[in-house]
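Order of the sequence lines fixes the chain letters, A, B, ..., with proteins taken first and strands second; residue numbering starts at 1 for each chain.
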Amino acid sequence: MAAEILKLDNISKTFPGVRALNGIQFSLHSGEVHCICGENGAGKSTLIKIISGAYQPDEGGNIIYEGKPVHLDPFLAMKLGIQTIYQEHTIFGPLSITENIFAGMEITKNGIMQKAEMTKKTKEVLEYLHTNLNPDDLVENLSSGEQKIVEFAKALVFDRKVIILDEPTASFSVSEIDNLLEIVNKIKARGIGIIYISHHLDEVFKIADRITVLRDGQYIKTVDRDATDEPQLIRDMVGRDASAFYNREHFTPGETVLEVKNLTGNGVYDISFEVKRGEILGFSGMVGSGRSELMTLLVGGAEKLNGEVYIMGEKVDFKSPKDAIKHKICYITEDRQHTGLFLIHTIARNTIIANMVNTKKPTIMPKEEEKVGDEYIKKLGTKAPNAGVLAGNLSGGNQQKVVLAKWFNTNGEIFIFDEPTRGIDVGAKQEIYQIMVDLLRQGKAIIMVSSDMPEVVSMSDRVMVMKDGRQVGEVSKNEVSEENILELSIGGAKI
Amino acid sequence: MNKDMTKKKKGFLRGENSTVLLIFIAFMAAVVVLQLITGGGAYPSMISPANIMNIFIQISAVGIMAMGMTLVMISGGIDLSVGMLTSFVVLFLAKSFRDWDFPLAAAIIVAILLAIAFETGMGFIISRLGVEPFIITLGGQIAFRGVALLIVNSQEISMSGALDGLKDTVIPELKDPTSGLNLNIPPYLFIFIAVTIVIWWLLKYTKYGRRIYAVGANPQAAYLAGIDVKNTLMSTYSLNGLLVGIGAVCLLARVNTAIITTGQNLEIDVIAAVVVGGVAMSGGKGNAWGVFLGALLMGAIANGMNILRLQAEWQYVAKGLIIIAAVSAGAITNTIQARRQLKQQNLAGTQSGAGESTNKQ
């Protein structure tokens, strides 16, 4: 076997309140493709950020590069020959391929750029990769697949030793994916070690030499590709013990309050489902599968191209979220800082803002506002001395409670929770879950979008699985399990 | 939990506008002390009723426009065109009254309506296309200058006292007891005060005011909370047009002659008053009372430095430095207040249970 170029031993990373990685083992050989698999939040991104030097690991772990212990920072990583190719490219559109490759590292002689030499080197590499790209092509005219090739070319030109690929095929077509996998094989043949991260297991099995599985920041195992298969890998990714799950009370679903038929627009296609009082319909799927886009479309925040929406039997056509609020829909967005809260305003103001569409009176007394704010602080157990505190000064869990207060104050019937507990610590999570169950008890209906698998499994009555903007299946009440959901959302070929 | 802690701290110098108020008082005090030292026992003319009225007379027009700018800036915008729009309004008013035989009332109303229309047009473009208001209103500034010059062929027009009704003192024969000078209280001063009260009420007690703050603080969250972001934005420009129009009429009443330079660089004074008054350039923050104080402070600085017979060159330096100091002091107070609040909260958190992490992953 080829030489071990990179080795991580007992690597941990702690963020305030969250342990993102815990005692990770990882090694990479020259000329190997090593895939890292795990669900959203398993710690894949944190791990590659440590390898590329963007994050510093906690004390106690070792990173060994070519036999020597190193403390990586982004510059050192680059110098040592580690290149990360992110989902979003860092390219200069109006420049040529050559100029992009050599940007900031131009070959010069006495201060003069050696354009001919740079073009020659670029050409060599492009030919090696069997592309029909020309070094003088402008990068902005290339497809996203071709732009990725430019990044690979860069790695070859500068003789990189480790390449990290983070979801390289996101938004690729099938032929582009095959092409990319072929190029990865060519780069591998040059003795470069490749770390490959992908949600698409079919790709992983096509390209990997070894696979490492992470789960909830823990190292699970490293296996040779031939020593495992897709169902086994999924089991490794999800196998949690029961303590990770929240045990909630269930109710008998009542009448249907929301019915969606063939809804299309905002990047989602042909979605149909219904939600009843007293139940939680979970939406699962990988990041980017179109769940939040669907919810934005549902509340009128994007243009509907096709389909019908019925609220309590009445056909509705929302022009903007204002109409949705009037029809008792509450949309608790995934990003409370950017789309949920007014951070520079008080809790009181945040609390009353959405219900303004339901009240006739044009005036608002600050005293009433404070009263309503204080009332919800008490009701939801928000940790704040009074409603005059700025929302931006609260912790994540308490900010989420302010968002909830804003929506509860509108007297909604249908609640859309998008990632209800993201960035919230365990204690506050349980409180949010309890609040959701209380809503069900009052006969409200809940749609919950979540990437947190234990959350989806323990909170949902039914789970709708989405992939690439389409619904790929529904997991019914008795079949809700991590394996079933994950199989729908990542198994099988890309549409 | 301690009861005092739950009570909101309000008070003369603890409110949102404490910084500008303190600077204003400090400035007045500094001038008075200087006058007492150099004047040898005479009553300091800076705080004589006649001079205070003078300051108000000088700031009324700017103050009215600052109230409009307050709405625009709280909603997250800015308007660089108010100076040249003022020139346009006064020139149009004078021209239509003197040369086109408009009745005075009609001339005033049409001029103000045009100001509203122009501002609404800019607001329409800014809100619908999402273009930077800085650029659009800069374009407006240049265009209004051209239109204004075209109307009058680059000439000046005297109103010959036709607007004196807005300027002449409401109580003739009133004397300043400290100096024996006439005390001039012009009617447009009451317009300024009335506008301030209306805008203060609008921002503090109406849903419309809440929407303006919300749009300025976080337009996406505002949209998802059911607010018509585009029309709210546009409406602030329309109201700004109305107030620029009213302010321009008051200004014309004071100076009597309409000329292109009437409004030149006025936007600088207006914006200065607004930001010194505590309105954030980033939107979502500020109030009318603060801006009132901001306008008063700017007027007092100009007036005080004249009284101290400071060279004009030095006046610019001093004025600029005071603006910088006022806005920086505001930022520092905010940081301190935020820290204090956070401390209070951590205290509340540990008292009622486990503390929580403030950080998002």
Side-chain angles (χ1 to χ4, degrees), chain A residues 15-18 20 41 296 299 301 320-326 331 333 335-345 349-350 352-359 361-366 369-370 381 383-386 388-390 392-398 406 410 422-425 427-428, chain B residues 1-10 201-202 204-211 213-230 280 282-286 334 337-361:
Chain A
F15 295 103
V18 189
T296 307
V299 299
S320 76
K322 184 179 176 176
D323 298 331
I325 298 169
K326 283 185 179 160
Y331 180 24
T333 56
D335 185 346
R336 58 183 161 270
Q337 310 234 353
H338 290 111
T339 55
L341 286 173
F342 304 91
L343 295 173
I344 58 171
H345 292 164
R349 286 201 168 185
N350 274 285
I352 57 103
I353 196 86
N355 196 41
M356 291 199 321
V357 306
N358 291 325
T359 55
K361 220 168 73 177
T363 54
I364 286 183
M365 290 298 125
E369 187 177 276
E370 300 250 327
K383 277 171 203 135
N386 60 57
V389 173
L390 300 186
N393 292 343
L394 299 173
S395 69
N398 288 311
K406 170 175 83 176
T410 66
R422 175 177 287 177
I424 289 177
D425 71 17
Chain B
M1 197 182 293
N2 189 340
K3 191 143 189 246
D4 286 350
M5 213 169 68
T6 59
K7 224 175 171 178
K8 240 182 113 187
K9 282 177 184 156
K10 267 184 197 157
W201 174 81
L202 198 70
K204 186 156 188 185
Y205 293 101
T206 68
K207 275 158 84 171
Y208 175 66
R210 290 293 182 283
R211 291 193 190 107
Y213 281 107
V215 167
N218 189 342
Q220 276 174 296
Y223 177 64
L224 289 170
I227 292 170
D228 188 339
V229 175
K230 289 176 182 170
S282 49
K285 224 168 153 185
N334 282 342
Q337 267 170 5
R339 281 213 195 117
R340 191 183 296 149
Q341 243 185 19
L342 209 63
K343 226 192 237 161
Q344 259 188 40
Q345 222 146 282
N346 287 343
L347 223 63
T350 42
Q351 278 175 1
S352 59
E356 252 180 86
S357 118
T358 350
N359 288 296
K360 250 180 79 148
Q361 188 192 333

Inset, instruction - Supply the atom-to-atom distance B:Thr206 OG1 to A:Met365 CE, rounded to the nearest 0.5 angstrom. - result: 9.5 Å
Legend entry - Sidechain-backbone polar pair: B:Asn218 side chain, A:Gly340 backbone, donor-acceptor under 3.5 Å: no
Inset, instruction - Evaluate the side-chain proximity of B:Tyr208 to A:Pro362: yes if any heavy-atom separation is below 4.5 Å, no if none is. - result: no
Inset, instruction - Would you mind checking which part of A:Leu341 comes under 4.5 Å of any heavy atom in chain B, side chain (CB onward), backbone (N, CA, C, O), both or neither? - result: backbone
Legend entry - Single hit among B:Arg210, B:Lys207, B:Lys204 for salt bridge (Lys or Arg N to Asp or Glu O under 4.0 Å) with A:Glu369: B:Arg210
Legend entry - Region of B:Ala222 that comes under 4.5 Å of a non-hydrogen atom in chain A: both
Legend entry - 4.5 Å side-chain heavy-atom contact, A:Thr363 and B:Trp201: yes
Inset, instruction - Check B:Ala217 against A:His345 and note the closest heavy-atom contact, atom names and distance. - result: CB-CE1, 3.5 Å
Legend entry - Structural part of A:Lys326 lying under 4.5 Å from a heavy atom of chain B: neither
Legend entry - pair A:Ile353-B:Ile227: side-chain heavy atoms closer than 4.5 Å: yes
Inset, instruction - State, with a plain yes or no, whether a side-chain heavy atom of B:Leu224 is found less than 4.5 Å away from one of A:Tyr331. - result: yes
Legend entry - Residue pair B:Ala214 / A:Phe342: nearest heavy atoms and the distance that separates them: O-CE2, 3.3 Å
Inset, instruction - Quick one: do A:Ile344 and B:Tyr213 satisfy side chain to side chain contact (heavy atoms under 4.5 Å, CB included)? Show the steps, please. - result: CA-CA 10 Å; A:Ile344 58 171; B:Tyr213 281 107; over 6 Å; no
Inset, instruction - Tell me, for A:Thr359 versus chain B, whether the close heavy atoms (under 4.5 Å) come from the side chain, the backbone, both or neither. - result: both
